[in-house]
Amino acid sequence: MGLAEELVALVGADRVLVEPVDLYLYGTDASIDRGPVKNVVFPESTEEVAEIVKIANRYQVPVVPRGAGTGLSGGAIPIGSSLVVSLTRMNGIEDVDPINMTARVGPGVINLDLSKHTKALGVHYAPDPSSQSICTIGGNIANNSGGPHCLAEGTTVEHILELEMVTADGQVIVLGGQAPDPVGLDLRGVVVGSEGTMGIVTSAIVKLTPNPLATRTVLATFNTVEDAASAVSAIIARGIVPAALELMDKLMTVAVERFVGAGFDTEATATLLAEVTGHDSAVDAELEIVREVCELHDAKAVRVAVDEAERARLWLGRKSAFGAVAQMAPDYYLHDTVVPRTKLAEVMAKVYEIADRYDITMMNVFHAGDGNLHPLMAFDSTEPGMLDRVHAAAKELVEVCVAAGGALSGEHGVGIEKRDLMPLVFNEYDLDAQARLREAFDPDGLFNPGKTLPEGSRCFDFGRPVPEGVWV
Amino acid sequence: MGWVTDSAPTRAELSACVQCGLCLPECPTFRLTGKETFSPRGRLMAMSAVADGVVQVDAAFEAIMDSCLQCRACEVVCPSLVPFGRAMEGARTELTAQLPSSQRKARHLVVGKVLASPALLRMATLGVKAGQKMRIGKLLPATLRSGFQGIRPIMPVAVEAGSTYPALGERIGRAGFLTGCVMDVWFSEVHAASIALLQRAGYDVVIPPAQTCCGALAAHDGDMKDARKLAQKNVVAFANVDVVVVDSAGCGAHMKEYENFTQDGEAFSKRVFDINELIAIAIGSGRIPTSATERGDVAVQDPCHLRHAQRIVDQPRSMLRAAGYNPVEIDPDGRCCGAAGIYSLLQPVLSQQLGAAKADQVRVSKAKVVASANPGCEMQLRSYLGSGYEVVHPVELLWRAVQEDDR
Ligand SMILES: Cc1cc2nc3c(=O)[nH]c(=O)nc-3n(C[C@H](O)[C@H](O)[C@H](O)COP(=O)(O)OP(=O)(O)OC[C@H]3O[C@@H](n4cnc5c(N)ncnc54)[C@H](O)[C@@H]3O)c2cc1C
Ligand code: SF4
Ligand code: SF4
């Protein structure tokens, strides 16, 4: 029996893909790379995942876990012919506990489905990546994903109480627990954000957050991106932490408005979307502060969403931004870096300067509140020399952010795309420590190999056999 | 081999997809399977793979395309505005050209020829009528049974080709009414109600005798040749009217896209309206009265080709309210009921799961009357709900109310 036959014997032919065209669809995610897929399997239980890992081990085939495939850094893209384990069918929501505000979820549960499921109980799952209508909790855990509302609520890592996962040798282990501070070494922080390299998450107990009593969304427009960026810093400097503070530049607003028709001002150079939540009276007071600060920073106009429908439309617009880019050009390259909030205005000026110099269309939409930038270059890769320009500009962009004291990845993960940029922020000892940690979990390097760490991160190699096709 | 026809998905259509995945949660087949091979993004990627010469148009490719309901829920949420429905019709055309299976040919005979022929349809109708009399529903295989049991009792044809029904009161314009293929003989009550309301709304209603089947089923199945012919014929048949009115969501959605099938299609499409649109306007302007009588709950089922393809959501609800009913929402996501043209025959397993789920949504709502503005959905609902429920077109409820209030 071969790999596929063993998998079929385990889960049935309906849950194993073997046709070339079927496998082709699993060679990529929402990013631009592509890799070879040996088979795809759809487990429905932790036990099946454990058996699948053991089978893959016997064939020494690399294993790539996959959620909804919305990753933007290539985390779910195989390097070297791999077995893709799609967790989409493990999507049960159990034990919703509105008193302790927890729920047990399968890794394939869609982020927004969870919040819809618990809505009637007055609670929701707080991390809200813009892809929340489709991305999975498993993928969120692997990338420690954040979203517009993580400014106030924190990213995924702060919302995971217990993790069950299958390790590289097919063992099922449980990390953390329902108690706020479980005894023993807390390894949750190691696994959250490990991008599928430490194990396959098969179940999690997540923290739920009370739905806000009142919510107000403010839309402010500015004549320069710098004005908008300094307004963001000033709002937080006034001591309030809005639930979300999102910035879009003009080109991005035009693309978004074309799709949603939410009444965004397509003439404004920068649009700031701010949301405040809490008790009615507090919300109104904060709303006034946001308005005042925006006006102090020369806002063109400040408007408050009149009802839930308008609010939903504005957010739909913001959350569709990446997809709307294709209206501008067939290809895009997106960065995800973090800079200190106080440097926002300065870094943004440099970002546009770089784009000008390389003559590339630059669009920006980002979580301004936590300084998480998403500079996005829209281009046509068939134009001669374009890809080289894009890559050169991309490198400069990251350098500018790191020089301003920033980080490599805000929330999309390192994956393949930023793997080789890791040395910009980590020295060889840091990288070695990370490689050793990973090796402790996955000695054969079979779990999502080639992700997160650049080739040769391990300074003192023990000469372990590396599976064929890995580290390419 | 790549593509071989001039209807194939174009580069522009395919490269508009940035693979963001935001369409996946709206796709009924992805929801049921969790597989990219059943998702809009996956289907587009498979098309791109053919365009790039990475894979061939083969049985595996066909399986990915054929499981699509063409419900177009994916289009509504796509921020990149990918014209998915058009691309899928292009892919189906390629399947027809490159994999001419006998099953596909037989289907094309039905969707391209029988539906366009009044004589053949009459024969089929006689068969159904006889079957209904003899109660053969129970004897049919499961895949056919559900469709058959959803058919209304056949009534004498109410609408004569060539006739004119004059406007009542102030005259707004001249409406050409599409009687359609199956609708003509199997849904004559719906036509009667639509025409009566249009008269009230101020339209002279004509039934152009040269009209034919709209061609939607042919186009969805990749029978581009027949689809073009039918579109051409209708453009000519409806040349002398101000508006073309359609009371089947599937037909209306297709006729609004005639630009993809015939040269003069774009101008034509601008004149096409779903009955819900025109009547809602007439209610708004007071030309059709609003009833003061409360008539109870009605569950609203949104046909995909009304909600997703034509983006018509509020109008049927306004009509029900005007008729004195309380419209009850059964599905905030507007998921497909699984009827999807001939899908229920071709993909019985998926269709069955969707049909049963839709019926459950109605049961949970406690309403005993369901309004649906598309014949296919109506049949699917009727057969999955069983007895104890009335499934009707919203125009029927409004027309009934107007008549009652007149008395
Ligand atoms: C339009 C759009 C908007 C986005 N907005 C945001 C945003 O605002 N914030 C943000 O943080 N990200 C955002 N993203 C990126 C992406 O959606 C997130 O990284 C998301 O968490 C990925 O989830 P997924 O289910 O799609 O995972 P996938 O893409 O399938 O996988 C991502 C990584 O997780 C691993 N993985 C998946 N499931 C498991 C599991 N069960 N166990 C172990 N490893 C697993 C994979 O191997 C891979 O490394 C956006 C993406 C798009 C397309
Ligand atoms: S939403 Fe549109 S762009 Fe995004 S994957 Fe679906 S079809 Fe492609
Ligand atoms: S048309 Fe419907 S079934 Fe087909 S891909 Fe789109 S959402 Fe899915």
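Letters A, B, ... are given to chains in the order of the sequence lines, protein chains preceding strands, and every chain is numbered from 1. All of these numbers come straight from a predicted model, not from anything done at the bench.
Between A:Val21 and B:Ala46, the closest heavy-atom pair is CG2-CB, 4.0 Å.
Both the backbone and the side chain of B:Leu24 come within contact range of chain A, judged by heavy atoms closer than 4.5 Å. Only the backbone of B:Ala16 comes within contact range of chain A, judged by heavy atoms closer than 4.5 Å. Interface residue B:Cys78: only backbone heavy atoms are found under 4.5 Å from chain A. For a residue to count as touching a neighbouring chain, one of its non-hydrogen atoms must lie under 4.5 Å from one of that chain's; by this rule A:Leu17 touches chain B with the side chain only. The contact between B:Ile64 and chain A is made entirely by side chain atoms (from C-beta outward), counting heavy-atom distances below 4.5 Å.
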Taking donor and acceptor roles from the modelled atom types, list the N and O pairs under 3.5 Å across chain A and chain B.
from, atom 1, to, atom 2, distance (Å)
A:Asp14, O, B:Lys35, NZ, 2.5
A:Tyr26, OH, B:Glu36, N, 2.8
A:Arg66, NH2, B:Glu36, OE2, 3.0
A:Ala68, O, B:Arg41, NH2, 2.7
A:Gly69, O, B:Arg41, NH1, 2.8
A:Thr88, OG1, B:Gly34, O, 2.7
A:Arg89, NH1, B:Thr33, O, 2.8
A:Asp113, OD1, B:Arg31, NH2, 3.3
A:Asp113, OD2, B:Arg31, NH1, 2.6
A:Asp113, OD2, B:Arg31, NH2, 3.4
A:Gln327, NE2, B:Pro79, O, 2.9

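Counting heavy-atom pairs under 4.5 Å between each of B:Val55, B:Val54, B:Val18 and chain A puts B:Val18 at the top.
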